[in-house]
A.B. asks: 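Just dropping this structure here.
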Protein chains: 2
Amino acid sequence: MSVDTQDAGEDHLIRPVQRPVPLRQAVYESMVELVVSGGLSPGEHLVETDLARQLGVSRQPVREALHRLQAEGWVDLRPNQGAFVHEPTDHEVDQLLDVRELLEMETARLAAKSASAGAVARLRAICRAGEAAVTDGDTDRFIAVNNEFHAALAEVAGNAVLAQLGQIVSRRVRWYYRLVAPRREHDSCAEHMELIDAIKAGDADRAAAAARAHTERTRTAYHRPDGAPMTLGRPVRPAPA
Amino acid sequence: MSVDTQDAGEDHLIRPVQRPVPLRQAVYESMVELVVSGGLSPGEHLVETDLARQLGVSRQPVREALHRLQAEGWVDLRPNQGAFVHEPTDHEVDQLLDVRELLEMETARLAAKSASAGAVARLRAICRAGEAAVTDGDTDRFIAVNNEFHAALAEVAGNAVLAQLGQIVSRRVRWYYRLVAPRREHDSCAEHMELIDAIKAGDADRAAAAARAHTERTRTAYHRPDGAPMTLGRPVRPAPA
DNA sequence: TGGGTGTATTTTGGATACAATGGACTGTGA
DNA sequence: TCACAGTCCATTGTATCCAAAATACACCCA
């Protein structure tokens, strides 16, 4: 690892030394992974010392990762009590879905206005990879590919701010959704294909409608037939430790 | 400058808070204040040690505050180089304005659908306070009231997620705007009043249009008459330290 | 003179140490 | 049995310490 520090002038022949990623970055990513994959339950108390030991690092990078997780809504930090995995309420999930709908409709519109043939092909390839993951029953892989799809879509849309907000919101939606709702990976892929078609046609309104339909079906799947939301069982009150 | 969390009797730049608040919170707030008020210039290197000394705390809370500032787009953290005040590009500001427009139109729509007479009165009172601040030429106070107005509006709209995203985006827009654009506080107040009228009438579309007009006029003010954006003088390349 | 090199200084990244807070527990008294 | 007080302990908040990385700069040699 301790590579030459002096002759960094020629970076053409030598593989560019991959910059050592700060520990907090690695910790952040593995913790998001943990939360999203269900390795941590809502309300769970995240003890810095334990996390540090499990990850083999000191408390410092763990704390910094926790702060970032809070900024993105994954955990709640209570003063002098530490971090708790965020407990979503049905009300909040509804709000998140509303915002996701707003952001994804706009993303779809922008993408439809500017997508090149190459971009459409790339989206389609990712979507197919998602279908393959569904066929294999590989949920984790599906989720990864799904994230990739939305990232690619955001890139096509060309608004980095929109992309960043969309990613944060969408990942949270998918997390909650995964906690309570029935699987609908297959439908999801079909809906994505519909969206791609609209983008290929350059039809912004149709693309937006497809994005809206996608979110609306998610919302429907999330609610019980009688209209009541499938609940995580938690009212709005603050949770006990 | 020194940061007090509760009752240190020195001269305060930030107002003392009642509950024991973690130092990083106080540090975070005073640093946002610093950036927004123009006390720190884009591209400026924020040396943790210096900040810690200036604020009268150790490096630890400073570092944690910096991470939060990064999450909200105020600073950029480069590995092994530390924090730099974010340098907005014209392109980025345009994207931010697009997103702000999207979020505020939706906020306005929701507010129009659900606003009570009391809420309208409250909004109007805040707006009048803003006009008073303009009359007094008190820009800082105007900014504070403006933030208050948008917070109240978001509360009326009733979507906390939308409110949070909107606040982050809007504050950054206002910061950039303040860096380069001519003052238009007075127009801003008039536009807010227009929005309030639409909300009072319960007319969602008209409210959304008012919100859009508000953002569009901001964008216009931000661009030079010949159509070119007023630039901060920085192209898109990464800035030198 | 100029390009490259070695060294010193600055600054960050991470680890450890210490202080302070809050919850849990236990024991006592009615 | 229950309420309450006092104590203890787990855990967080803050400070300090050390090592690695980056920059700055003087130096050397062609």
Side-chain angles (χ1 to χ4, degrees), chain A residues 1-14 16-31 40 43-70 75-85 238-241, chain B residues 2-8 17-31 40 43-70 75-85 238-241:
Chain A
M1 184 76 155
S2 64
V3 200
D4 40 352
T5 53
Q6 42 260 44
D7 58 357
E10 294 147 307
D11 43 50
H12 289 71
L13 301 183
I14 303 179
V17 180
Q18 75 168 14
R19 181 169 295 190
V21 171
L23 259 191
R24 63 163 173 276
Q25 179 71 14
V27 172
Y28 162 80
E29 281 165 12
S30 62
M31 289 192 59
L40 298 172
E44 191 167 340
H45 186 190
L46 300 177
V47 176
E48 296 174 358
T49 314
D50 295 347
L51 290 173
R53 198 179 52 245
Q54 287 175 27
L55 295 168
V57 300
S58 78
R59 275 176 58 207
Q60 187 69 11
V62 171
R63 282 176 67 91
E64 296 178 353
L66 286 174
H67 287 131
R68 180 160 169 202
L69 290 170
Q70 178 191 38
V75 306
D76 299 313
L77 258 43
R78 302 185 212 158
N80 291 314
Q81 297 184 48
F84 298 79
V85 178
Chain B
S2 97
V3 169
D4 355 61
T5 55
Q6 21 196 1
D7 54 2
V17 262
Q18 302 81 355
R19 270 196 327 243
V21 155
L23 260 189
R24 64 162 175 280
Q25 178 71 16
V27 172
Y28 162 80
E29 282 165 10
S30 62
M31 288 191 61
L40 299 172
E44 191 167 341
H45 186 189
L46 300 177
V47 177
E48 296 174 358
T49 314
D50 295 346
L51 289 173
R53 197 181 49 248
Q54 289 175 25
L55 296 168
V57 300
S58 79
R59 268 179 62 208
Q60 190 67 12
V62 171
R63 290 178 63 175
E64 298 181 350
L66 285 174
H67 287 295
R68 180 160 169 203
L69 291 169
Q70 179 191 38
V75 306
D76 299 314
L77 258 44
R78 303 185 210 155
N80 293 316
Q81 295 183 51
F84 299 78
V85 178

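If you're wondering where the values come from, they're calculated on a predicted model, not measured in any experiment. Hydrogens, waters and symmetry mates are skipped; everything else that's a heavy atom, side chains included, is used. Throughout, a chain's letter reflects where its sequence line sits, starting with A, and its residues are numbered from 1.
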A.B. asks: side-chain contact (heavy atoms from CB on, under 4.5 Å) with A/Arg59: which residues, sequence neighbours excluded?
C.D. replies: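 For A/Arg59, the residues satisfying side-chain contact (heavy atoms from CB on, under 4.5 Å) (neighbours in sequence not counted) are A/Glu48, A/Thr49, A/Ala52, A/Arg63.
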A.B. asks: State which residues pass side chain to side chain donor-acceptor pair (under 3.5 Å) with A/Glu29; sequence neighbours excluded, sorted by chain then number.
C.D. replies: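 So A/Glu29 forms a side chain to side chain donor-acceptor pair (under 3.5 Å) with A/Gln25.
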A.B. asks: Using whole Å, what does the distance between atom P of nucleotide D/dG13 and atom OH of B/Tyr28 come to?
C.D. replies: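 Rounding to the nearest Å, OH of B/Tyr28 and P of D/dG13 are 18 Å apart.
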A.B. asks: Tell me whether B/His45 contacts the main-chain N or O of B/Gln81 through its side chain, where contact means a donor paired with an acceptor under 3.5 Å.
C.D. replies: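 Looks like yes, one N/O pair under 3.5 Å.
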A.B. asks: Return the value, rounded to whole Å, for the distance between atom CD of A/Gln25 and atom C1' of C/dG14.
C.D. replies: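 So the CD-C1' distance, A/Gln25 to C/dG14, works out to 16 Å.
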A.B. asks: Rounded to the nearest angstrom, tell me the gap between atom CD in B/Gln60 and atom P in D/dC17.
C.D. replies: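 Interatomic distance, CD of B/Gln60 to P of D/dC17: 14 Å.
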A.B. asks: Should B/Met31 and B/Leu66 count as side-chain neighbours, where that means a heavy-atom distance under 4.5 Å?
C.D. replies: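 Yes, their side chains come closer than 4.5 Å.
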A.B. asks: Whole angstroms only, please: what is the CZ-P distance between A/Arg53 and C/dT16?
C.D. replies: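 My rounded result for the distance is 14 Å.
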A.B. asks: Can you tell me how far P of C/dG13 sits from CG of A/Leu55, to the nearest Å?
C.D. replies: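 Interatomic distance, CG of A/Leu55 to P of C/dG13: 19 Å.
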A.B. asks: What residues, two or more places apart in sequence or in another chain, satisfy side-chain contact (heavy atoms from CB on, under 4.5 Å) together with A/Glu44?
C.D. replies: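 Per chain and number, A/Glu44 pairs via side-chain contact (heavy atoms from CB on, under 4.5 Å) with A/Leu40, A/Ser41, A/Val85.
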A.B. asks: Distance check needed: C/dG13 P versus B/Leu66 CG, whole Å only.
C.D. replies: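 Going from B/Leu66 (CG) to C/dG13 (P), I get 10 Å.
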A.B. asks: So which protein nitrogen or oxygen atoms get under 3.5 Å of nucleotides 6-10 of chain D's nitrogens or oxygens?
C.D. replies:
none

A.B. asks: Tell me every residue that passes side-chain contact (heavy atoms from CB on, under 4.5 Å) with A/Gln70, counting only those two or more places apart in sequence or in another chain.
C.D. replies: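 Result, side-chain contact (heavy atoms from CB on, under 4.5 Å) vs A/Gln70: A/Val75, A/Leu77.
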A.B. asks: Looking at every non-hydrogen atom in both residues, tell me the closest pair between A/Leu55 and A/Ser30 and how far apart they are.
C.D. replies: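 Closest heavy-atom pair between A/Leu55 and A/Ser30: CD2-OG, 3.9 Å.
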A.B. asks: Are any protein N/O atoms closer than 3.5 Å to N/O atoms in nucleotides 9-12 of chain C? If there are, list each pair with its distance.
C.D. replies:
from: C/dT12; atom 1: OP1; to: B/Leu46; atom 2: O; distance (Å): 3.4
from: C/dT12; atom 1: OP1; to: B/Glu48; atom 2: N; distance (Å): 3.3
from: C/dT12; atom 1: OP2; to: B/Glu48; atom 2: N; distance (Å): 3.4

A.B. asks: Looking at A/Gly43 and A/Phe84, what are the two nearest heavy atoms and their distance?
C.D. replies: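 Between these two residues, the closest heavy atoms are O-CD2, 3.7 Å.
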